[in-house]
Amino acid sequence: MMTTTIMNWPPSLNPLANLLHSVVDFPIIVSLLRNSHRRSTIAPLHSLRHCEEIDRENDLALYDELVSFNKFAHRQPLPSIKDFCKLLTRIVKMNHYSVVISLVQRLDVLGVKSDIYAFNIAINCFCHLNRVDFGLSVFGKALKRGFEPDYATFNTLIRGLCADGSLDQAHKLFDQMLESGFKPNIVTYGTLINGMCKLGNTTDAIILLRKIEEESPGVIIYSTIIHTLCKNRQVTHALHLFQEMTEKGITPNVVTYLCLMQGLCSSESPQLAKRLLDDMLARNISPNLQAFNVLINALCKLGLATESHNFLAFMIEKGMLPNTTTYNTLIKGYCLIQRLDKAKHLFNYMSTQGCDHDVVSYNVLINGYCKNQEIDEGLTLLKKMSKQKIDPNVVTYTTIIHGLCLVSKLEDALVIFHKMQDCGHIANVVTYSTLIDTLCKHERVNEALYLFKLMDDTHVPPDVFTFTSIIDGLCKVGEIDAANDYFLELSCRGLQPSVCTYTAMIGGFCRNRRLDEGEELFMKMEESGCVANVHTYTVMINGYCRNGKVDEANELFVKMKESGCLPDSCLINSIIQGFLLQNEMTKAIQYVDILRENGFLLDVYTEALLQNFQCCGVLEHSSKKGVEIFSQECNGE
DNA sequence: CTAGGGTTAG
């Protein structure tokens, strides 16, 4: 009688699932569920309050479905497996995969006759929990019990394997599918193509697209590839595919347009994005609210808040009401171009339009003021939000701390840091890193190290930014060996040094007469595929200059330009200084010319050094004349 | 039951 069970399930992934298995008291389950959510959101997610609100809604909806399940379970005769599957599907849509797996188990206990649909749902849930291995074992079980897999079974597993990064296995299953007499359908191809795209294999995805042309790939497959091309900054290629699909009579939809418009905005062609929007409207495809928000955001990021603002009237005209996110996005856009007046105005305006402020609205505006060094405005807003009964969260506090750090009110920042924790807000990696970075920049490295240790004690893992601040701080106070220890520890913790981390450490070596180690690390960096930027070149070239390695400095300068990295004023000035200090007059003058060619000015220190050498009469006459003229130009004479 | 996209805060 138990032939229909899916027995011997892998152990539960979630304690909640066990609980559901044995307990019938749903209110208790729901309350536990809430707690389990809360616990899991503390460390990784940024906005506790925000998540909790969403979870609460989600939990209530889940609660309703669990009540329905319970009613089903007590009905005589039992509802069919189809009815149960409908219910399970709704829970799947809420992303409660472990719950669904538990409920499928309960179906067996209840003696509901299973079918391939139920197996497919379970397989799908395991795939979504990143356990395609369990999905495969359920698949095996289904076969053993004589259930015929269908398209959904194969396609679901192929998706799971792709998501797991096992493209080879996905292809194997594809072959197995053929052997079982299933001709892959358009969904199978779509799944494979999406898998290839997500795994960075766009070329193969396009090859597959060409192979299945007679299967008439639809708008979804084209959109998948267009999306990937846009993400990879191959917008031109994406536009070609777009043209191709329309010529074939495949109608693009809102997704296709949205991908392209985002791609065009991020490749800084907002005009083309706008033309595409017109095209879309002309085809009577109306963007939804999210689409508008995405566009507004894309324009704002380009510093086009004003243009973006025009969209507001436009979207209202199209019958779409902006929401809080729309306004928050625009406020952020105005802050970005330092139009705090406009930002503040919009902030006030939104609440007159029925869009209530949320914690993000405040955070965006506070950040705008803080970045503008108007910390008092930020603090005023902080008070105001409490009055509006909007609780500041860890982001709010971190923003304020950052603002205080920016104006060197470090003690005040530390006060807020303690105060927020007294209020029950747990500092996260950004909070700590902000303080650590500032302490290091003020050469208060011991206090920074104390906080770094506190992070470990409070189980807030440092990230590459935290490490970089510490390494830079230690280098600045000459503690090169200690800095190097942290540099080594970083990789022990499974983190990748960033170009800033490398630059800090290389700079530390080079400034402390450990040029060889700096050079070695520079090479290691390149080997690891990390691309040097102008700061990295500056510290390295500086190291060469100040150690009398003129040729090496020159060579690296040339190499830098070949690699497409443009020198800045700081780099060239410091090369001139380096050469002057080494009495390499000819070279120094050569770089004065380079400075001039690039349209940069001598900085104060370089100028002082130059004049010193001129007074000593070291410069040849012609060079001397050139430098004089240049100095005058620099001084605006 | 199976394939695509998507906005805001440090």
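Letters A, B, ... are given to chains in the order of the sequence lines, protein chains preceding strands, and every chain is numbered from 1.
- Side chain of A:V360, nearest nucleotide from B:dG6, B:dT2, B:dT8: B:dT8.
- Looking only at atom types and distance, the side chain of A:N328 has no donor-acceptor partner in the side chain of A:T325 under 3.5 Å away.
- Separating the CD1 atom of A:I225 from the C1' atom of B:dG5 is a distance of 15 Å, rounded to the nearest angstrom.
- The stretch residues 295-315 of chain A touches DNA chain B through A:N297, A:K301, each having a heavy atom within less than 4.0 Å of the strand.
- Within the 4.0 angstrom heavy-atom criterion, no nucleotide atom of any strand lies near A:S361.
- As rounded to whole Å, 12 Å separates atom P of B:dC1 from atom NE2 of A:H128.
- A:H128 meets the ring pair (Phe, Tyr, Trp, His ring centres under 6.0 Å) test with A:Y97; sequence neighbours excluded.
- In this structure, A:N323 reaches neither bases nor backbone, as no heavy-atom distance under 4.0 Å exists between it and the strands shown.
- Of the candidate nucleotides B:dA3, B:dG5, B:dG4, B:dG5 has the atom lying nearest to any side-chain atom of A:C259.
- Within 4.0 Å of A:T224, counting heavy atoms only, lie sugar-phosphate atoms of the nucleic acid but no base atom.
- Considering only side-chain atoms of A:V254, the nucleotide from B:dC1, B:dG5, B:dG4 that sits closest is B:dG5.
- Among the atoms of the strands shown, none is found under 4.0 Å from any heavy atom of A:I123.
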Please walk me through it: do A:I206 and A:H237 pass side chain to side chain contact (heavy atoms under 4.5 Å, CB included)?
-> CA-CA 11 Å; A:I206 294 172; A:H237 196 163; 3.8 Å; yes
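- In this structure, A:Y97 atom OH and B:dC1 atom P are separated by 13 Å, rounded to whole Å.
- Closest to the side chain of A:T399, from the set B:dG6, B:dG10, B:dC1, is B:dG10.
- Side-chain atoms of A:Y257 and A:D279 include a donor-acceptor pair closer than 3.5 Å.
- The residue A:T191 sits close only to the backbone: its heavy atoms come under 4.0 Å of sugar-phosphate atoms, none of a base.
- Here B:dA9 presents its C1' atom at 15 Å from OH of A:Y397, a figure rounded to the nearest Å.
- Using a 4.0 Å heavy-atom criterion, one finds that A:V364 contacts the sugar-phosphate atoms exclusively.
- Taking the side chain of A:A152 as heavy atoms from C-beta on, and the options B:dC1, B:dG5, B:dG10, the nearest nucleotide is B:dC1.
- Heavy atoms only, all atoms of each residue included: A:P270 and A:L299 are closest at CB-CD2, 3.7 Å.
- A:N155 places its CG atom 11 Å from the P atom of B:dG4, with the value rounded to the nearest Å.
- The side chain of A:K332 contributes no N or O atom lying less than 4.0 Å from OP1 or OP2 of B:dT8.
- Between A:Y362 and A:F347, the angle of the ring planes goes over 60°, which puts this pair in the perpendicular group of the 30/60° scheme.
- When distances are taken from the side chain of A:Y117 to each of B:dC1, B:dG10, B:dG4, the shortest belongs to B:dC1.
- Across all strands, A:N185 comes closer than 4.0 Å to no nucleic acid atom at all (heavy-atom distances).
- The A:H402 side chain lies nearest to B:dG10 when the options are B:dA9, B:dG10, B:dA3.
- Taking side-chain N and O atoms only, A:K231 has no distance below 4.0 Å to OP1 or OP2 of B:dG4.
- Phosphate proximity of B:dG4 to A:N194: present, with a side-chain N or O under 4.0 Å from OP1 or OP2.
- Computed from coordinates, the A:M350 CE to B:dT8 P distance equals 15 Å when rounded to whole Å.
- Remark: the A:N253 side chain and the B:dG5 base include no donor-acceptor N/O pair separated by less than 3.5 Å.
- Checking A:N194 against A:K198 by side-chain atom types alone, a donor-acceptor pair falls below 3.5 Å.
- Note on A:T325: a base of the nucleic acid sits closer than 4.0 angstrom, heavy atoms only.
- The base of B:dA9 lies close enough to the side chain of A:N393 for a donor and an acceptor atom to sit less than 3.5 Å apart.
- The main-chain N or O of A:F134 is found under 3.5 Å from a side-chain atom of A:S137 such that the two form a donor-acceptor pair.
- In this structure, A:F311 and A:F314 have perpendicular ring planes: the angle between them is above 60°, well past the 30° mark.
- Listed nucleotides B:dG4, B:dT2, B:dG6 differ in distance to A:T256; the shortest reach to its side chain belongs to B:dG4.
- The nearest whole Å value for the distance from the CG atom in A:L258 to the C1' atom in B:dG6 is 5 Å.
- Without hydrogens or angle criteria, A:S102 side chain to A:S98 main chain gives a donor-acceptor distance under 3.5 Å.
- Comparing atom distances between the A:N367 side chain and each of B:dG5, B:dG10, B:dC1 picks out B:dG10 as nearest.
- For the pair A:I226 CD1 and B:dG5 C1', the computed distance is 11 Å after rounding to whole Å.
- Distances were taken from every side-chain heavy atom of A:N124 (C-beta onward) to each of B:dG6, B:dT8, B:dC1; the shortest belongs to B:dC1.
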